[in-house]
Asker: 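I'd like to ask you about the structure that follows.
Everything numeric in this text was worked out from a predicted model, so none of it was measured. Each chain gets a letter, A, B and so on, in the order its sequence line appears, and its residues count up from 1.
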Number of protein chains: 2
Amino acid sequence: MIRLVIADDHPIVRAGLLALFSLEPGIEVVAEAGTPDEAVAAAERENPDVVLIDLQFGAQAASTGAEATRRIRALDAAPYVLVLTNYDSDADILGAIEAGASGYLLKDAPPHELTAAVRAAAAGESALAPVIASRLLDRMRAPQASLSSREIEVLDLVAAGRSNTEVAADLFVSETTVKSHLAHIFTKLGVASRTAAVSVARQRGILR
Amino acid sequence: MIRLVIADDHPIVRAGLLALFSLEPGIEVVAEAGTPDEAVAAAERENPDVVLIDLQFGAQAASTGAEATRRIRALDAAPYVLVLTNYDSDADILGAIEAGASGYLLKDAPPHELTAAVRAAAAGESALAPVIASRLLDRMRAPQASLSSREIEVLDLVAAGRSNTEVAADLFVSETTVKSHLAHIFTKLGVASRTAAVSVARQRGILR
DNA sequence: CGATCCATCCTCCGAAAGGACGACTCCACG
DNA sequence: CGTGGAGTCGTCCTTTCGGAGGATGGATCG
């Protein structure tokens with residue numbers, strides 16, 4: 001019997017997963033969680049085989065799904081973690097994998113894909129949704145111009161529509177510094193203007 | 001007995017809704033739909049009291065939730081339509097209301113809010129999630145600078161990172177015209193730069 | 001210890017963006 | 001049949017942005 005913990009902030013989704021797995025022989029949902037912290041607590045308490053956790057939790061949540069994944073994988077008898085997400089464009093894909101997730105699933109996946117993934121995870125295998133897998137490969141192929149945290153910070157303000165002067169004021173640096181960061185960002189992203197940079201950053205999931 | 005049709009492209013969400021309502025006395029789910037078209041067909045065939053339909057369907061769907069709402073409300077024995085959505089920032093709120101939805105619910109709403117809304121809808125009352133209601137009021141208060149279709153077209157290209165000259169070339173107009181459109185957009189949105197315009201347009205759901 | 005990346009700061013200059021006028025069509029609406 | 005809005009175009013002018021180039025200190029890592 002595979003002992004499963006499901007974690008999602010939407011009661012509806014939790015009910016759906018519960019209904020799905022209750023029909024599934026050999027899989028038992030031993031706990032539900034509505035927040036990342038609850039998920040970690042449940043994983044520690046119930047000592048399940050697999051944890052199925054959403055990546056996006058509501059804004060009021062303390063931590064993220066990726067963070068919870070990391071903490072769950074750091075437990076003594078660490079269960080396998082399957083990550084669930086709405087969007088295949090999510091920037092946290094890599095983060096989740098690094099955090100120790102053994103699978104990555106889309107919420108619009110057909111049910112049998114879900115159950116198959118749970119079984120695969122319980123067996124210690126990794127299971128990626130095909131879309132995700134190919135996207136990961138893409139990302140591997142493309143040298144993946146990753147922005148520094150400071151650069152992301154700058155780009156985030158730019159995406160909010162702030163001018164260079166405003167960004168400079170916000171970050172307590174000179175405007176030349178902002179321009180310098182932006183210049184790096186442009187070359188890394190292969191674009192020539194701030195709006196284009198924001199556009200591709202959104203596309204790649206660097207911004208949301 | 002309230003006869004209910006549920007429509008959502010995520011099998012998980014459908015299962016969740018189904019599970020939720022199956023526990024609910026006096027409510028019976030008579031059909032499920034995975035696409036807007038299926039939802040319309042089911043509404044016509046089953047002649048339900050209420051249709052619960054998602055606004056966002058996957059990219060491969062032919063039409064939108066709002067469109068389906070309109071068509072369902074145009075049926076002879078038109079059932080009431082409750083619209084379900086992930087985000088309270090959705091631009092289609094007004095569209096859905098105009099299309100004849102009698103309620104607007106968030107997916108992270110607690111289950112009892114859902115069932116209450118279905119009962120209210122079946123009784124012919126309208127039910128809006130509190131968040132949505134206040135947001136609607138906000139929108140009423142703010143004169144709602146709506147952009148013309150041409151302006152949206154321009155802004156969309158700008159959001160993709162194209163320059164004024166490129167936008168002009170794309171739309172077969174002069175650059176002056178593009179700048180003119182942008183100037184109007186800026187005043188309408190109360191901003192001073194293209195990136196800021198894109199930002200608030202996204203926020204208001206004018207762009208996605 | 002160098003190598004490397006990052007963040008910070010310059011200057012100079014051309015190109016792009018935006019503001020402020022005005023003006024011409026077309027079409028819908030009363 | 002006007003009136004007005006939307007879309008189109010223009011000019012002149014100022015500000016901002018972005019490119020090119022270089023320089024400094026700090027952190028990290030083999």
Asker: Measure from NE2 on B:His181 to C1' on C:dG18 and round the result to the nearest Å.
Answerer: 16 Å
Asker: C:dC6, C:dC10, C:dG18: which one has an atom nearest the side-chain heavy atoms of B:Ser193?
Answerer: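 Among C:dC6, C:dC10, C:dG18, the one nearest the side chain of B:Ser193 is C:dG18.
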Asker: Quick one: does B:His181's side chain get under 4.5 Å of B:Leu155's, heavy atoms only?
Answerer: no
Asker: Rounded to the nearest 0.5 Å, how far does CG of A:Leu82 lie from OG1 of A:Thr69?
Answerer: 10.0 Å
Asker: Nearest heavy-atom pair of A:Val51 and A:Pro79: which atoms, and what distance?
Answerer: CG2-CG, 3.8 Å
Asker: Would you mind reading off the distance between B:Arg194 atom CZ and C:dA17 atom P, rounded to a whole angstrom?
Answerer: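 The answer, rounded to whole Å, is 5 Å.
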Asker: Going from CD1 on A:Ile12 to CG on B:Leu114, what distance comes out if it is rounded to the nearest 0.5 angstrom?
Answerer: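 These two atoms lie 4.5 Å from each other.
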Asker: Return the value, rounded to whole Å, for the distance between atom NE2 of B:His184 and atom P of C:dG18.
Answerer: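 Value for this atom pair: 14 Å.
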Asker: Have a look at B:Thr176 and say if it touches a base, only the backbone sugar-phosphate, or nothing, with a 4.0 Å heavy-atom cut-off.
Answerer: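 If one applies the 4.0 Å heavy-atom cut-off, B:Thr176 turns out to touch a base.
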Asker: Measure the CG-CG distance between A:Leu105 and A:Leu52 for me, rounded to the nearest 0.5 Å.
Answerer: 7.0 Å
Asker: Apply salt bridge (charged side-chain N to carboxylate O under 4.0 Å, His left out) to A:Arg45 and list each qualifying residue two or more places apart in sequence or on a separate chain.
Answerer: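 Counting only residues at least two positions away or on another chain, A:Arg45 forms no salt bridge (charged side-chain N to carboxylate O under 4.0 Å, His left out).
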Asker: Tell me the interatomic distance from B:Glu175, atom CD, to C:dA15, atom C1', rounded to whole angstroms.
Answerer: 11 Å
Asker: What is the distance, to the nearest angstrom, from the NZ atom on A:Lys179 to the P atom on C:dA16?
Answerer: 15 Å
Asker: What distance separates A:Asp9 CG from A:Glu38 CD, expressed to the nearest 0.5 Å?
Answerer: 10.5 Å
Asker: A:Phe172 CZ to C:dC9 P: how many Å, rounded?
Answerer: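 Computing the A:Phe172:CZ to C:dC9:P distance gives 12 Å.
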Asker: How far does the helix from C:dC1-D:dG30 to C:dG30-D:dC1 bend, going by the axes of its first and last five pairs, to the nearest 10°?
Answerer: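 Computed from the C1' atoms at both ends, the axes differ by 60°.
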Asker: Can you give the first and last nucleotides of DNA chain D, 5' to 3', that have an atom under 4.0 Å from a heavy atom of chain A?
Answerer: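 Listing 5' to 3', DNA chain D meets chain A from D:dC17 to D:dG19.
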Asker: For the pair made of CG in A:Asn164 and P in C:dG18, what is the distance, rounded to whole Å?
Answerer: 12 Å
Asker: Using atom types as modelled and distance alone, determine if a side-chain donor or acceptor of A:Glu166 lies under 3.5 Å from a backbone N or O of A:Ser163.
Answerer: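 Yes; judged by distance alone, with no hydrogens or angles, the pair exists.
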Asker: Can you list everything that forms a salt bridge (charged side-chain N to carboxylate O under 4.0 Å, His left out) with A:Lys107? Sequence neighbours excluded, please.
Answerer: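 Result, salt bridge (charged side-chain N to carboxylate O under 4.0 Å, His left out) vs A:Lys107: A:Asp8, A:Asp54.
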Asker: Does anything in residues 174-186 of chain B pair up under salt bridge (Lys or Arg N to Asp or Glu O under 4.0 Å), and if so which pairs, sequence neighbours excluded?
Answerer: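 Sorted result for residues 174-186 of chain B: empty, none.
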Asker: Rounded to the nearest 0.5 Å, how far does OG1 of B:Thr115 lie from CG of B:Leu17?
Answerer: 11.5 Å
Asker: Expected output is a numbered-order residue list: members of residues 152-162 of chain B with a heavy atom under 4.0 Å from any atom of DNA chain C. What is it?
Answerer: none
Asker: Round to the nearest Å and state the distance from B:Arg150 atom CZ to C:dC26 atom C1'.
Answerer: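 Result: 14 Å.
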Asker: When we call it a touch if two heavy atoms are under 4.0 Å apart, what does A:Thr177 touch: a base, just sugar-phosphate, or nothing?
Answerer: base
Asker: Looking at the side chain of A:Glu151, which of C:dC10, C:dT8, C:dA7 is the nearest nucleotide?
Answerer: C:dA7
Asker: Test your reading of the model: is there a side-chain donor-acceptor pair from A:Arg3 to the backbone of A:Glu46, 3.5 Å cut-off?
Answerer: yes
